[in-house]
Amino acid sequence: MATFLYRLGRLAFRRRWYAALIWVLLLVLAGTGAATASKSTNNDFSIPGTEAQAAFDLLEQRFPGQTPDGAAARVVFKAPDGQKITDVRNQAAVEKAVAELAGPQVASAADPFKAHAVSKDGTTAYSSVSYKARPQDLTDASRDTLKGAAQHGRDAGLTVEIGGSALQSMPEGGSEIIGIAVSAVVLLITFSSLVAAGLPLLTAIIGVGIGVSSIAALAPLLDLSSNTSTLAMMIGLAVGIDYALFIVSRYRAEVAEGRAREEAAGRAVGTAGSAVVFAGLTVVIALAGLAVVNIPMLTKMGLAAAGTVAIAVLIALTLIPALLGFAPRKVLARKDRKRDGRPEDTDKPNMGTRWARFVLRKPVWVLAAGVLGLGAIAVPAASLQLGLPDDGAQPKSSTQRKAYDMLADGFGAGFNGPLMIVTDAAKASDPKAAADTVVKTIKGMDDVAMVTPANFNKAGDTATITVVPKSKPTGTETEDLVHAIRDKGGKITADTGAKVLVTGSTAMNIDVSQKLNDALLPYLALVVGLAFLLLMVVFRSVLVPLKAALGFLLSVVAALGAVVAVFQWGWLGSLFGVEETGPIMSMMPIFMVGVVFGLAMDYEVFLVTRMREAFVHGERPGQAVVTGFKHGARVVSAAAVIMISVFAGFIGSSESMIKMIGFGLAIAVFFDAFVVRMAIVPAVLALLGKAAWWLPGWLGRILPNVDVEGEQLQKQLATPSGDPDPDEKRELVGV
């Protein structure tokens, strides 16, 4: 592989105009596709194979003409202190506001006083508004009408707030600018060259532009959610900058050793490029592996992000050497340009060398400190509570959160998380009697505040029953109630022939949490297993991949512990803009496992490949560790800081899901890069010695030799036929 990539790098360097033009054309094509595509996205969250989803699908079949996934809103009215909402003046103001809730997309807007939607104390009422369109398809006019009606109620002296999916906002852009700005500073410090610092940023932006534009163009066709492009941008920027950083850094190192520019570009792509390929493969495997969870939205997000990573790899291998061809000397630091091709004096040890030597002297202490420190941070993960965000997780200043609290105060904690019971009475001898049995059975259960009468469809074979729990939607009591109703469903079916299904947002949350928990271990085994085999091919070792996998598990559990401490317990919550604590997003653990594993293996490949390269070329194990840190520590540190800054930039998002993902990925990369890879890895390698690179002979014969460290490439280049043409070399030196 190294030989192929070496030739690819030299080809891109020589044919720089063609390489650059191809990528510019791809960017233009993707941008044109995005500009001409429909702006509609699909934020539906389906979970095939669960009871909640089966009930939802049944409703779509049995209640034609309705839009089960349509937008909905609750306009909550509260009377001034000392007054009732049923007072003549207040009731007239409510009815006037509800009458304004009309428009081409509005299906219905219930009168609170006719729908018995008034609290027992008479101070609060709400109107349920349903729409014919999904939340993402609502027009600005429909949202303005909703907000205008609420404002007119406020003008009449009432407190009016709006909850529900109708005000669902798209993720805000601009958060990534912070990460890019920090990345620019880090690159400038690392390279001491504006051109060298600008290359990774430019290529990463081009790659993300192609990836995100392609997602936007395909969104209507593939039903991609609005968060898909945000995730692709987040990961694409991080890996795009990092991959380019490693290629440019290796190019500068090759030039510092006195090689001609084209030769340096070829060697950089042949060596560092090999690491980029395998690092990218681990990320792609981890992201594409999310498909095993069988949650369509998660699968699409993973595949879209994986595609963006693949683009980042291709750009690093082709566009970077092409751009190096346009500025072969300006990409060097000023001191390197002054040497004019003379080898660099590297007698003075750098920070990476000094740190590696310290670890080699105290491996046990460093290993113990790293493991115990991350273990302590991981402790909160034992208290992990999973759920999906609702209006209760919105900022306290938002109208959605205020409406949520007003409903809880006026109608009970469970009112914001009602359960919908779908009774399939198609096979029942007496559908009405079957539905009455369901209502009576549920009324006798614990933690039930209210049960509505059955509402049948026109065919009379399916009924919906609304159950309001006494406990809040995220409470364990509500979860127990869902399980209790489902347990009773078997007996009801046996007695009446009617099938009972529980759905609703609360039941959906419970089902998706269970599904994700059940999929975590198989997913972990698949991703870690495939990556273990891949790393075994890369390093031709058994213990190095094993160490990499165990180190990853330690860092990801510690990151989950930090997420729990901040978002569930509220520790340092104000520092990260967390206004309300609550359960951790259900998909967070499995999502972090996938993404963090791929990113963690990046640093493992980049850092340890250089150690392997030194070991293969004859250095002792301890000295190989020092060499790896000498050449790779500064660049890996810069790459980690860049990736952390890109992810941390998304913590400022108003979308709770994006905020949590940004924090989780940033802290996970910090733990993995600076504690696991920079401390635990060299400590373990120091203790293992030669055993770290042990590979059984029979396994060595089976595994393909991909030559990531460039051993075969070095041998080929050492022969006369492997050297550049003399005329070409003279031309390149004078470039």
Side-chain angles (χ1 to χ4, degrees), residues 41 43-45 69-78 94 97-98 100-101 105-106 109-110 112 117 119 124-131 133-154 158-172 225-227 230 387-418 468 472-475 478 504-506 508-509 567 570 573 577-586 652-660:
T41 55
N43 291 324
D44 297 339
F45 191 82
D69 59 347
R74 276 179 174 172
V75 184
V76 188
F77 304 88
K78 188 173 183 179
V94 171
V98 172
E100 296 178 10
L101 296 171
Q105 290 187 312
V106 177
S119 62
T124 308
Y126 69 91
S127 172
S128 294
V129 186
S130 60
Y131 291 86
R134 297 179 302 179
Q136 61 270 23
D137 295 330
L138 283 184
T139 62
D140 291 338
S142 294
R143 289 195 173 96
D144 290 342
T145 298
L146 180 61
K147 295 174 183 177
Q151 186 57 49
H152 290 160
R154 296 186 188 110
L158 303 176
T159 300
V160 187
E161 304 295 346
I162 307 170
S165 61
L167 292 185
Q168 178 177 294
S169 59
M170 302 294 287
E172 296 179 359
S225 73
S226 58
N227 286 324
T230 305
L388 289 176
D390 57 12
D391 284 348
Q394 295 283 348
K396 293 181 179 179
S397 58
S398 67
T399 186
Q400 295 97 321
R401 174 58 189 275
K402 291 176 181 178
Y404 184 96
D405 292 340
M406 287 168 60
L407 288 170
D409 293 340
F411 298 89
F415 192 80
N416 285 298
V468 178
K472 61 182 181 179
T474 56
T478 302
S505 60
T506 302
M508 278 276 194
N509 291 352
F567 290 89
V578 180
E579 296 186 17
E580 185 66 22
T581 60
I584 304 304
M585 184 178 59
S586 296
S653 173
S654 61
E655 182 74 23
S656 59
M657 174 180 172
I658 300 300
K659 180 189 292 288
M660 192 179 295

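Start at 1 with the first residue, then count along the sequence.
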Participant: Taking ring pair (Phe, Tyr, Trp, His ring centres under 6.0 Å) as the definition, give me every residue that meets it alongside F567, ordered by chain and number, with sequence neighbours left out.
Facilitator: F663
Participant: Is there side-chain contact between R143 and I162, with heavy atoms separated by less than 4.5 Å?
Facilitator: no
Participant: How long is the gap from CG on D144 to CD on Q151, to the nearest 0.5 Å?
Facilitator: 12.5 Å
Participant: Output yes when a side-chain donor or acceptor of S165 lies under 3.5 Å from a complementary backbone atom of P135, and no otherwise.
Facilitator: no
Participant: Looking only at atom types and distance, does a side-chain atom of Q105 sit under 3.5 Å from a main-chain N or O of T139, one as donor and one as acceptor?
Facilitator: yes
Participant: When you measure from the side chain of T478 to the backbone N and O of K472, does any donor-acceptor pair fall under 3.5 Å?
Facilitator: yes
Participant: Are N509 and P473 close enough that some pair of their side-chain heavy atoms sits under 4.5 Å apart?
Facilitator: no
Participant: Among all residues two or more places apart in sequence or in another chain, which pass the side chain to side chain contact (heavy atoms under 4.5 Å, CB included) test with V106?
Facilitator: V129, Y131
Participant: With rounding to the nearest 0.5 angstrom, report the CG to NE2 distance, L158 to H152.
Facilitator: 13.0 Å
Participant: Could you tell me the separation between the CD1 atom of I584 and the CE atom of M660, rounded to the nearest 0.5 Å?
Facilitator: 4.5 Å
Participant: Would you say the side chain of F411 lies within less than 4.5 Å of the side chain of S119, judging by non-hydrogen atoms?
Facilitator: yes
Participant: If you measure from CD on E161 to OG1 on T399, what distance do you get to the nearest 0.5 Å?
Facilitator: 3.5 Å
Participant: So, for V160 and G153, which heavy atoms are closest and what is the spacing to 0.1 Å?
Facilitator: CG2-C, 3.8 Å
Participant: Rounded to the nearest 0.5 Å, what's the gap from CG on L101 to OG on S128? Could you check?
Facilitator: 11.0 Å
Participant: Kindly determine whether Q400 and R74 satisfy side-chain contact (heavy atoms from CB on, under 4.5 Å), including the steps that lead there.
Facilitator: CA-CA 9 Å; Q400 295 97 321; R74 276 179 174 172; over 6 Å; no
Participant: Taking the side chain as every heavy atom from C-beta outward, state whether V75 and V98 have any atom pair closer than 4.5 Å.
Facilitator: no
Participant: Once salt bridge (Lys or Arg N to Asp or Glu O under 4.0 Å) is applied, what residue pairs with a partner in residues 397-413 remain, sequence neighbours excluded?
Facilitator: R401-D405, R401-E580
